Amino acid sequence: KISVAFTIALESDTYTYDGESHYNAKIATSTAKSGRTTYSYSFEEEGEYVSDLSTLTKVDAGVYTVYVKGVNPNYSNAATTTAKLTINKRNVTVSVADAPDVVYDGEEHTGNTAYEFSNVVEGQNATITYTPAKGTAANTYTGSYGTDFAVTAGTKDVTANYNLTTKTPGKLTITAADADAL
């Protein structure tokens, strides 16, 4: 066997949270060879090396380090290196449609109350407190959101996997009445 070292060059892999399991597929496709020489490899996360990278799967957003050890039959040493698996938080938005304009009539009017999220993983449920626009006088009023954004997958809280990037509240516009109509 040759006594000089060999090295493994690995890439990190990145996903966006989608509620599915992921592992560093770039490692899986690049570790079988170093140059023209095939070697065996194993992976470690917080302990023992394992032979199947797919056992080191992650679902939640975060940055995970994968330790790789390669053994090449032509060399006397084992090569070790690390690569990252990154699962980014999923960006979502919430919005409420503007209410149709109303003409001043001295009564209090309320804007739309239904909000809609975009880009939430299918099967997961996002919620937030929303106070609709309200007003009596001729003016434009805007609703408001609370700070209690939450996402659940069944009974599991998965909010930490999301970034609420935009909250667009609904508006209510009360226009001035025609003086001749009063």
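Note: hydrogens, waters and symmetry copies are ignored here, and every other heavy atom, side chains too, is used. Residue numbers run from 1 in the order of the sequence given. What you see is a predicted model; the values in this text were computed from it and never measured.
Across every non-hydrogen atom of D13 and N24, the tightest pair is CB-OD1, 3.3 Å. The two residues V158 and Q124 come nearest to each other via the heavy atoms CG2-OE1, 3.6 Å. In terms of heavy atoms, A99 sits closest to L172 at CB-CD1, 4.1 Å. The two atoms that bring A133 and G170 nearest to each other are CB-O, 4.0 Å, heavy atoms only. I174 and V103 make their closest contact through CG2-C, 4.2 Å (heavy atoms, listed as atom of the first residue, atom of the second, distance).
Using a 4.5 Å heavy-atom cutoff, the side chains of V59 and H22 are not in contact. At a threshold of 4.5 Å between non-hydrogen side-chain atoms, the residues L85 and K58 count as touching. Between V96 and P169 the shortest side-chain heavy-atom distance does not fall below 4.5 Å. Proximity of K84 to T65: side-chain heavy atoms (C-beta onward) are separated by under 4.5 Å at one or more points. With contacts defined as side-chain heavy-atom distances shorter than 4.5 Å, the pair V66/T82 does not qualify. Two residues are said to be in side-chain contact when any heavy atoms from C-beta on lie closer than 4.5 Å; V120 and R90 fail this criterion.
With sequence neighbours excluded, no residue forms a ring-ring contact (aromatic ring centres under 6.0 Å, His included) with H109. Among residues two or more places apart in sequence or in another chain, the side-chain hydrogen bond (donor to acceptor under 3.5 Å, both in side chains) test is passed with T93 by S118. N112 meets the side-chain hydrogen bond (donor to acceptor under 3.5 Å, both in side chains) test with no other residue; sequence neighbours excluded. The side-chain hydrogen bond (donor to acceptor under 3.5 Å, both in side chains) check on S95 picks up nothing, with sequence neighbours excluded. When the side-chain hydrogen bond (donor to acceptor under 3.5 Å, both in side chains) test is applied to D98, no partner is found at least two apart in sequence or on another chain.
Side-chain atoms of N161 come within 3.5 Å of backbone N or O of A61 as a donor-acceptor pair. At least one donor-acceptor pair closer than 3.5 Å links the side chain of Y115 to the backbone N or O of I128. Of the possible donor and acceptor atoms, one in the side chain of T165 sits under 3.5 Å from a partner among the backbone N and O of V92.
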Check: residues 144-155 side-chain donor-acceptor pairs under 3.5 Å, at least two apart:
residue: Y145; atom: OH; partner: T168; partner atom: O; Å: 2.9
residue: D148; atom: OD1; partner: T129; partner atom: N; Å: 2.9
residue: D148; atom: OD1; partner: T129; partner atom: OG1; Å: 3.1
residue: D148; atom: OD2; partner: T129; partner atom: OG1; Å: 2.3

Give every donor-acceptor pair under 3.5 Å between a side-chain atom in residues 134-142 and any protein atom, sequence neighbours left out.
residue: T140; atom: OG1; partner: T173; partner atom: OG1; Å: 3.3
residue: Y141; atom: OH; partner: A137; partner atom: N; Å: 3.4
residue: Y141; atom: OH; partner: A137; partner atom: O; Å: 2.9

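Open room surrounds NZ on K171; 12 or fewer heavy atoms of other groups in view lie less than 6.0 Å from it.
The NZ atom of K167 lies 9.5 Å from the CZ atom of F117; values are rounded to the nearest 0.5 Å. Atom-to-atom distance recorded for S21:OG and L56:CG is 12.0 Å, nearest 0.5 angstrom. Y64 OH to T86 OG1: the interatomic distance, rounded to the nearest 0.5 Å, is 9.5 Å.
Pairs passing the ring-ring contact (aromatic ring centres under 6.0 Å, His included) check and including a residue from residues 154-173, sequence neighbours excluded, read Y17-Y162.
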